[in-house]
Amino acid sequence: MSDPEPTAAAPAGPVGTPAGPFRAPVGVHDVIPPASARWEAVVATFADTVGRAGYGLCQSPMFEDIGVFARMGEGTDVVTKEMYEFRDRGDRHLALRPEGTASVVRAFVEHRPTTPWKVWYASPVFRYEKPQSGRYRQHHQLGVEAIGSADPDLDVEVMVLLADFYAAIGLRQTPLVVNTLGTPAQRTDYAARLSAWFGQHLGDLDPVDQAKATDHPLRVLDSKKRATRSVVAHAPSILDSLDDEALAHFDRVQAGLSAAGVEFTVDPRMVRGLDYYTHTLFEFRSPALSEAQNTIGGGGRFDGLVEALGGPATAAVGFGTGIERVLLACDAEGALEVAASKVKVFVVDVVDGHAAAAITIQLRRAGIGADRAFDGRSMKAQMKAADRSGADYAVIIGAEEAQAGTATLRPLRSTGDQTSVARADLVDAVRRRLTDA
RNA sequence: GUGGCCGUAGCUCAGUCGGUUAGAGCGCCAGGUUGUGGCCCUGGAGGUCGGGGGUUCGAUCCCCCUCGGUCACCCCA
């Protein structure tokens with residue numbers, strides 16, 4: 001920690017003092033206008049979609065005791081390899097949330113609300129991994145968790161909500177893949193059978209998968225290696241390890257999706273990286289994205305997690321969907337066009353700026369988006385700014401208007417003529433024109 | 001963490017087989033039009049050619065390292 005050798009791009013300066021301007025750390029990014037307008041729309045649409053289903057906001061902290069996340073499972077890479085962990089000044093061992101569910105479950109255990117507890121979140125998620133397109137060290141997830149019910153209808157509810165959300169923002173292609181892992185015992189049984197089976201075909205697996213075949217046999221199932229895939233195609237199915245009850249749960253889920261008009265495919269080889277899943281498991285993908293990161297949302301049941309975090313045995317189901325990937329999918333599909341600005345009126349004041357100040361305040365208080373120029377710029381510059389602002393109208397105050405107590409109202413997006421209105425009637429005149437259009 | 005490719009203006013990119021003051025388009029600012037944006041014309045600002053070291057009389061160009069970006073693997077949203 002006291003190594004005086006600076007290895008970064010600033011050998012001349014002290015450690016941690018870059019020579020040039022600061023840049024965002026590796027793998028993170030700024031969301032700024034105009035692109036941030038779509039971000040707002042995504043979050044607002046999500047809140048509306050799940051809010052109508054009775055889900056309330058759960059705003060839990062971005063960091064927790066590291067144990068909260070460690071309980072998600074030893075075989076979970078986001079916990080074992082990718083966690084942003086640190087010690088605070090009180091020597092508490094903490095970690096930035098690597099996913100959304102654990103924090104919500106911790107909050108459930110801490111507050112013990114009545115069930116079913118249905119909540120949603122919008123939160124940054126941190127994973128220390130090498131960034132690439134659609135994969136960041138800080139990304140953002142929208143999600144819901146419904147805690148306290150084992151009813152398969154609830155599995156259906158969350159899946160339909162996610163499908164409806166994607167539709168609401170304009171995505172057309174979001175194929176849904178579902179699978180089941182049964183109970184933890186059935187899952188363990190299946191893993192053992194799978195491991196034994198891979199053992200008999202070890203030589204046919206890709207070398208990188210041979211090591212995983214005994215430790216994490218489920219993980220081999222979604223290998224991208226060609227050799228492994230041809231082996232996996234004939235591997236035993238999870239469905240043969242399930243009892244009647246688990247099969248009935250899965251059947252009810254499929255029937256519910258069909259009844260809701262949500263198309264899906266069953267893939268008995270689909271697994272996900274989080275170890276806590278039981279029974280229903282699902283993924284929404286975007287065929288518009290490259291295969292390496294085409295999952296835009298996923299989730300499932302986690303009936304054992306509440307207990308693992310110190311609560312009573314409690315069934316639960318939920319999902320998370322990545323805002324960045326959803327927006328990439330929207331880009332690819334040309335979906336989600338939103339207005340870059342809420343400004344409807346731009347006030348041009350070439351006298352002294354007092355009228356601009358008064359009129360913008362008056363318009364905003366009347367609920368009308370209004371902006372103005374600063375620094376006493378020329379009329380040409382202010383008109384140019386008015387055009388760029390995206391406003392529909394310019395209100396112009398020059399010497400004549402100031403003298404006469406009027407304002408010139410000039411349309412910027414249509415061919416109509418500009419008109420003169422009394423200052424006292426300005427807000428009404430603007431409102432009338434905006435509602436007529 | 002491993003590997004491939006790429007770093008020239010705010011953005012998108014030319015360029016130099018190593019040679020004087022590094023260019024274009026878009027964007028920005030100003031003027032043409034001292035009361036009018038979007039089109040047009042003119043001018044202007046803006047660059048440690050990612051950073052450091054090396055080779056050379058001379059490096060934006062060649063070599064090494066490094067940082068960053070990007071793509072793939074691993075894994076995942």
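In what follows, chains are A, B, ... by sequence order, proteins preceding strands, each numbered from 1. Worth saying up front: this structure is predicted, and the values here are computed from it rather than measured.
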Sequence neighbours excluded, which residues qualify as side chain to side chain donor-acceptor pair (under 3.5 Å) partners of A:Glu333? none

At under 4.0 Å between heavy atoms, what does [X] touch on the DNA or RNA strands: base, sugar-phosphate, or nothing?
X: A:Thr321; result: nothing
X: A:Val125; result: nothing
X: A:Arg219; result: sugar-phosphate
X: A:Glu401; result: base
X: A:Ile323; result: nothing
X: A:Leu412; result: base
X: A:Thr408; result: base
X: A:Tyr136; result: base

Does A:Arg377 place a side-chain N or O at less than 4.0 Å from the phosphate oxygens OP1/OP2 of B:C29? yes

Closer than 4.0 Å, any side-chain N/O of A:Lys212 to the OP1 or OP2 of B:C75? yes

Distance check, [atom1] atoms only: [N] and [M], in whole angstrom units.
N: B:G32; M: B:C39; atom1: C1'; answer: 14 Å
N: B:U60; M: B:G23; atom1: P; answer: 15 Å
N: B:C65; M: B:G7; atom1: C1'; answer: 16 Å

5' priority, RNA chain B, between A:Asn294 and A:Gly27 [closest heavy atom]: A:Gly27

I want to confirm an ordering. Mapping A:Gly322 and A:Arg410 to their closest nucleotides on RNA chain B, which one lands closer to the 5' end? A:Arg410

Considering every strand shown, what is the Watson-Crick or G-U wobble mate of B:G1 when both distances are under 3.5 Å? B:C73

Opposite nucleotide pairing with B:G47, Watson-Crick or G-U, both atom distances under 3.5 Å: none

Does A:Arg137 make a cation-pi contact with A:Tyr128 (under 6.0 Å, within 45 degrees of the axis)? yes

Can you tell me how far C1' of B:C73 sits from CG of A:Asp209, to the nearest Å? 11 Å

Assess whether a salt bridge exists between A:Arg38 and A:Glu40, defined as any Lys/Arg side-chain N lying under 4.0 Å from an Asp/Glu carboxylate O. no

Does A:Tyr121 form a side-chain contact (heavy atoms from CB on, under 4.5 Å) with A:Gln141? I'd like the steps, not just the answer. CA-CA 8 Å; A:Tyr121 60 84; A:Gln141 287 191 16; 4.1 Å; yes

Counting side-chain heavy atoms from CB outward, which of B:G31, B:G1, B:C75 is closest to A:Lys380? B:G31

Under the criteria of a ring-centre distance below 5.5 Å and an interplanar angle below 30°, is A:His139 stacked with the base of B:A77? yes

